[in-house]
> 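Attaching a single structure in structure tokens format; questions to follow.
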Amino acid sequence: MLNLKLLLSAFFLVAFGKSTYSQLGFSHEIGVIAGPVEFRSDFGSRFDEATNLGNSGIGIGIVHYINFAYRADCNCYSTDTYFNDHFKLRNEISWNYTVLDHHGEWVRPIYTSPDADKLRAHHGVAENFDIGTQIEYFPRSIRSFQAFSYLLAPYVSLGIHYTSSHPQASTTYGDGNVFDGSNIYSFWYQNPTLLPPLPSGVPESERQYPIDVNPRSSWSMVTSVGVRYKIGVLSDLLLDLRWQLYFNDWIDGFNHKLSYNKFNDWLLWLNVGYIYYLD
């Protein structure tokens, strides 16, 4: 229900934005994107390649562009300024889903301790719904690209997204209760200084273990590098590599402060897409 409300809100926001920019004469593009996601979280060691490759998922999205180089109200080019010919505004609604496990050094078969077994038994899911805006910069002329002067148009982008996360957690160790400290890796909570700070007014005796799967929301910074390939007068293919840094370390429902993995959650998303010029 929450995702449905967010989707409807996002739809009306994009529709309102399109109407507003149409009145100003700017043209529009719409497209779909999809591709693999590497989710970097508190599962596994941050720089361990087995963790990075093992905790991979999928992302899909709908994108909408404001094209300042062309005017929809007269089917003509807009005023020839550097900004109009080199920048686009990108609005996006996207969803990503990643199954998370502990990979790498500390779950190798040579380790047979209860803590190693607890790591192997601990699983999670990062599921995120995103809405946001980015500004894209094209070093080469957008007008010339639309006129088929060249077929490839590289770009870089920077923006901010609002994320609604719905993490999951489970364990097959002991009685299967992932919120029971005896069933999870002991080093995450033995030293209180390595746990997330307590909320104001909560005594130490009520400290929770570092797993919390309540839905939450957060802002994130998004930057990417990509390229468009023109396949028709009104259509492009897109290849985009994104880095997204969340301003929160609970996106995966899991937060500890051990030295090898104490930073906020982030992801890499390699996506391909199809873009269609509406007007």
Side-chain angles (χ1 to χ4, degrees), residues 1-11 13-14 30-44 46-65 90-103 122-134 136 156-170 211-226 237-255 261 263-275:
M1 181 60 69
L2 179 59
N3 278 343
L4 180 59
K5 290 180 179 178
L6 288 170
L7 184 60
L8 289 174
S9 298
F11 174 79
L13 180 62
V14 170
I30 194 167
V32 293
I33 55 174
V37 168
E38 281 189 8
F39 199 91
R40 311 293 176 89
S41 72
D42 290 287
F43 280 81
R46 180 61 57 110
F47 301 109
D48 184 274
E49 200 57 34
T51 295
N52 297 338
L53 295 176
N55 288 333
S56 298
I58 186 70
I60 59 175
I62 299 172
V63 291
H64 165 252
Y65 292 87
R90 168 173 168 163
N91 303 307
E92 178 183 312
I93 305 167
S94 61
W95 170 85
N96 61 77
Y97 185 95
T98 307
V99 175
L100 302 169
D101 288 296
H102 296 280
H103 301 275
H122 179 207
H123 313 286
V125 170
E127 181 180 11
N128 304 300
F129 179 90
D130 268 44
I131 179 171
T133 297
Q134 298 160 243
E136 290 188 351
V156 293
S157 75
L158 179 67
I160 191 161
H161 281 203
Y162 179 80
T163 301
S164 174
S165 61
H166 300 265
Q168 302 173 36
S170 64
I211 297 175
D212 183 351
V213 294
N214 289 313
R216 65 184 68 244
S217 57
S218 175
W219 293 96
S220 61
M221 181 185 72
V222 176
T223 184
S224 67
V225 58
L237 294 180
L238 175 150
L239 178 66
D240 183 279
L241 178 62
R242 167 184 298 178
W243 178 61
Q244 183 168 359
L245 174 65
Y246 299 98
F247 301 154
N248 193 304
D249 202 19
W250 285 104
I251 301 300
D252 59 348
F254 179 39
N255 185 359
N261 204 345
F263 307 108
N264 284 357
D265 299 327
W266 55 280
L267 64 76
L268 287 173
W269 182 11
L270 179 64
N271 58 80
V272 297
Y274 173 80
I275 310 298

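Hydrogens, waters and symmetry mates play no part in the numbers below; they use all other heavy atoms, side chains included.
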> When you check the side-chain N and O atoms of Glu136 and Ser157, is any donor under 3.5 Å from an acceptor?
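Distance-only check fails for Glu136 and Ser157.
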> Flag the pair Ser165 / Glu127 as yes when at least one side-chain heavy-atom distance between them is below 4.5 Å, and no otherwise.
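No, too far: nothing below the 4.5 Å cut-off.
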> Return the NE2 to CG distance between His161 and Leu245, rounded to the nearest 0.5 Å.
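His161 atom NE2 to Leu245 atom CG measures 13.0 Å (nearest 0.5 Å).
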> Hey, could you give me the CG/CG distance between Asp101 and Asn55, rounded to the nearest 0.5 Å?
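Separation between the atoms: 6.5 Å.
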> If I compare all heavy atoms of Gly35 with all of Ile58, which pair ends up nearest, and what's the gap?
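What the structure gives for the nearest pair is O-CD1, 3.3 Å.
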> Taking atom CH2 of Trp243 and atom CG of Leu158, what is their separation to the nearest 0.5 Å?
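Between Trp243 CH2 and Leu158 CG, I get 10.0 Å after rounding to 0.5 Å.
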> Decide yes or no for Leu237 and Tyr274: does some side-chain heavy atom of the first lie under 4.5 Å from some side-chain heavy atom of the second?
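In short, these two side chains touch, coming nearer than 4.5 Å.
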> Do Thr98 side-chain atoms and Phe39 backbone N/O form a donor-acceptor pair below 3.5 Å?
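Side chain of Thr98 to backbone of Phe39, a donor-acceptor pair under 3.5 Å: no, none is there.
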> How close do Ser41 and Asp265 get, heavy atom to heavy atom, and via which atoms?
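Of all heavy-atom pairs spanning Ser41 and Asp265, the closest is CA-OD1, 3.4 Å.
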> Centroid separation under 6.0 Å, is that true for the rings of Phe43 and His122?
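Distance test on ring centres: under 6.0 Å, yes.
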> Is it true that the side chains of Asp130 and Ser94 contain a donor and an acceptor less than 3.5 Å apart?
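Result is no, nothing qualifies.
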> So how far is it from Leu238 CG to Tyr65 OH, rounded to the nearest 0.5 Å?
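If I round to the nearest 0.5 Å, the distance is 5.0 Å.
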> Kindly determine whether Ser220 and Gln244 satisfy side chain to side chain donor-acceptor pair (under 3.5 Å), including the steps that lead there.
CA-CA 7 Å; Ser220 61; Gln244 183 168 359; 2.9 Å; yes
> When you look at Glu92 and Ile33, which way does the side-chain contact (heavy atoms from CB on, under 4.5 Å) test go after all the steps?
CA-CA 10 Å; Glu92 178 183 312; Ile33 55 174; 4.1 Å; yes
> Using 0.5 Å steps for rounding, measure from the CZ atom of Arg40 to the CH2 atom of Trp266.
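Result: 4.0 Å between the selected atoms.
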> With a 6.0 Å cut-off on the ring centroids, do Trp219 and Tyr162 count as close?
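Centroid distance Trp219-Tyr162: below 6.0 Å, so yes.
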> Are the side chain of Asn264 and the backbone of Tyr246 linked by a donor-acceptor contact shorter than 3.5 Å?
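Pair found, side chain donor or acceptor close to backbone of Tyr246.
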> State, to 0.1 Å, how close Val63 and Val32 come at their nearest heavy-atom pair, and which atoms those are.
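Distance-wise, the nearest heavy atoms are CG2-N, 4.4 Å.
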> Assess, by modelled atom type and distance only, whether the side chains of Asn96 and Asn128 contain a donor and an acceptor separated by less than 3.5 Å.
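There is such a pair between these side chains.
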> Looking at CD1 of Ile211 and CG of Asp252, how far apart are the two atoms once the value is rounded to the nearest 0.5 Å?
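Here the rounded value is 10.0 Å.
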> Begin from the C-alpha positions of Asp240 and Arg242 and carry the test side-chain contact (heavy atoms from CB on, under 4.5 Å) through to its verdict.
CA-CA 6 Å; Asp240 183 279; Arg242 167 184 298 178; 3.8 Å; yes
> Can you check side-chain contact (heavy atoms from CB on, under 4.5 Å) on Leu239 and Leu270, steps first, answer last?
CA-CA 8 Å; Leu239 178 66; Leu270 179 64; 3.9 Å; yes
> Does the side-chain contact (heavy atoms from CB on, under 4.5 Å) test come out yes or no for Val156 and Thr223, once each step is laid out?
CA-CA 7 Å; Val156 293; Thr223 184; over 6 Å; no
> How far apart are the closest heavy atoms of Gly253 and Pro167, and which atoms are they?
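Heavy atoms of Gly253 and Pro167 come nearest at N-CB, 3.5 Å.
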> Does a side chain donor of either Glu38 or Trp269 reach within less than 3.5 Å of an acceptor in the other side chain?
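No, because no side-chain N or O of Glu38 sits under 3.5 Å from a partner of the opposite role on Trp269.
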> How far apart are the closest heavy atoms of His166 and Pro215, and which atoms are they?
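Here His166 and Pro215 meet closest at ND1-CB, 3.7 Å.
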